[in-house]
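Just so it is clear: chains get the letters A, B, ... in the order the sequence lines come, proteins before strands, and each one is counted from 1.
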Amino acid sequence: MRSIIDILDLSTDEIAELVQTAQDIIAKPADYAEVCHGKKLATLFFEPSTRTRLSFEAAMYELGGHVIGFSEAQSSSAAKGESVADTVKTVSCYADIIAMRHPKEGAPLVASRAASVPVINAGDGGHNHPTQTMADLLTIYREKGGFENLTIGVCGDLKFGRTVHSLINAMSRYKGLKMYLISPEELKVPSYVKKDVLKKKGIPYVQTTDLEGAMPELDVLYMTRVQRERFFNEEDYLRLKDSYILTPDKMKNAKKDMIVMHPLPRVNEISVAIDDDPRACYFKQVLNGKYMRMALIMKLLKEAGTI
Amino acid sequence: MNIDSIQNGIVIDHIAAGNGMKLYELLELDKLDCSVALLRNVVSQKLGKKDIIKIDREFDVNLDLVGFVSPEATVVVIKNGEIVEKKKLDLPEVLINVIRCKNPRCISMTEQEIVHEFRLSDRENRVYRCVYCETKAN
Ligand SMILES: [Zn+2]
């Protein structure tokens, strides 16, 4: 049974196929309105993540399917101490496909090994979140016309920011990639990401603390937030959280067709004044996330022979 | 026992010097009631110095574990005073229930009866990573 746990579980051909499907859904949504008629998606959210859950649920409804599930561990059998494996074996009896969010790293892999239906990782702690990366990829594709020959700047928390690591992994498979890694000293990209991905694949990169200096070079600026829960003390968090705030002033140095992305939610790292700039793409990312989830649900259900 | 003359047992030879104790612990040889010898820093032509473990009874050695700790080791099986088998080792691709993940955020910490699984991610530097959370084994 095919499941998607890590963005690299999908080949570049499969990413291309999903992008094409998503584009087709956007062009002709009515053609897909009944594709999953009578099928059920289970959203098993062992920790709350309203935006991801709503995206999966909206995706399934727009394919004509139904949704069952829970939105926090307290309302599930996990609160009684049930294992992940037992939970998904039970849910496999009711649902055709599972989207799972879990605070423990690797829980969706455990689920995929126990389930008899496809499992989609909807975020496992600070580890993977492949459908977020799929949303990022569709956004880059639609806005930049492809994945090759791009200079991408990632900015903010590059140490704990899993969306950044995942994006680097996914983009490292395309030709002509250049990376700018922009962060405060304390939140630099971990050395294994540089060694195992960037250096190994010969991808040119610049590591810097200077956002404004990097700005004119970028085709894509991917902003992230500094997450309070990653810090042991409040002082460090407060000191670092305002390291990079994107303002209209800083955007003056950017290319006219650079795009600004952000996995959301933002705290204050992108000024609200940027929202009206045509280069701001973070709300498009949200919408693109739903289309890619639709494309993925369809793909996995087709491979499983369910639709 | 005379450590040179085992009648029926196992000799783990050519263990990289310093790893004998670790292997002794991981193989849980302290739980055996037969004679077990751990020789440390034995002078060897091949390795300079090596460690050796001798177990004076038939014993089902977890070869993946030995390969993980010291892939240059050899496992020699002795029956009736004769060498009946010499097993060459290599770094195993996968370690199943050999070591445990130390990442407190890993599902393998809490899931009941989970298979503890590590994959070789970098042969050159002998790096194993947990399949669940990708944390390095050390
Ligand atoms: Zn682990």
Side-chain angles (χ1 to χ4, degrees), chain A residues 3 5-9 44 46-47 73 77-90 100-115 119 121 123-130 160 162 165-166 168-169 190-197 199-200 227 229-230 232, chain B residues 16 18-19 22 25-28 60 62-72 89-138:
Chain A
S3 289
I5 305 303
D6 186 312
I7 190 66
L8 297 180
D9 291 345
L44 310 185
F46 292 83
E47 67 175 3
S77 46
K80 297 175 196 144
E82 188 178 51
S83 68
V84 169
D86 283 1
T87 302
V88 299
K89 277 180 193 163
T90 307
M100 180 195 268
R101 175 93 163 199
H102 200 287
K104 291 279 184 182
E105 298 172 15
L109 178 63
V110 172
S112 71
R113 289 175 167 191
V119 174
N121 182 359
D124 56 338
H127 185 217
N128 281 321
H129 192 3
F160 302 110
R162 65 176 171 191
H165 304 166
S166 207
I168 294 173
N169 268 323
S191 54
Y192 70 86
V193 174
K194 284 181 274 181
K195 186 169 161 280
D196 294 353
V197 185
K199 283 183 188 156
K200 201 180 207 172
Q227 290 177 281
E229 58 266 33
R230 302 283 178 225
F232 291 112
Chain B
N19 282 332
K22 187 177 177 188
E25 281 166 3
L26 283 169
L27 288 171
E28 300 183 331
D60 193 11
N62 183 337
L63 294 174
D64 283 349
L65 205 160
V66 182
F68 166 64
V69 174
S70 184
E72 48 281 276
L89 298 164
D90 193 10
L91 278 180
E93 285 293 329
V94 185
L95 298 172
I96 303 284
N97 291 331
V98 171
I99 46 172
R100 286 176 176 240
C101 185
K102 292 186 179 126
N103 172 9
R105 298 175 306 278
C106 181
I107 187 68
S108 69
M109 289 280 174
T110 47
E111 181 80 357
Q112 188 190 349
E113 290 176 44
I114 196 168
V115 175
H116 297 273
E117 184 175 336
F118 284 73
R119 293 232 172 96
L120 183 60
S121 71
D122 178 351
R123 180 169 288 274
E124 199 182 328
N125 296 303
R126 295 188 191 176
V127 176
Y128 284 87
R129 290 187 186 275
C130 170
V131 294
Y132 303 106
C133 70
E134 295 172 70
T135 298
K136 253 191 208 179
N138 43 14

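- Judged as a side chain to side chain donor-acceptor pair (under 3.5 Å), and not counting sequence neighbours, the contacts of Asn125(B) are Asp122(B).
- Chain A forms the most heavy-atom pairs under 4.5 Å with one residue out of Lys136(B), Glu134(B), Gln112(B), and that residue is Glu134(B).
- Considering OG1 of Thr135(B) and NE2 of His127(A), their distance stands at 7.5 Å, rounded to 0.5 Å.
- Taking a 6.0 Å sphere around CZ of Arg100(B), one finds it holds 12 or fewer heavy atoms contributed by other residues, nucleotides or ligands.
- Proximity to chain A (any heavy atom under 4.5 Å) is shown, for Val131(B), by both the backbone and the side chain.
- Partners of Ser70(B) under the side chain to side chain donor-acceptor pair (under 3.5 Å) rule, at least two apart in sequence or in another chain, are Glu72(B).
- Interface remark: of the candidates Ser83(A), Pro103(A), Gly81(A), Ser83(A) forms the most heavy-atom pairs closer than 4.5 Å to chain B.
- Here the shortest heavy-atom pairing between Glu105(A) and Cys133(B) reads OE1-CB, 3.3 Å.
- In terms of heavy-atom proximity, Lys104(A) sits nearest to Pro104(B) at NZ-O, 3.2 Å.
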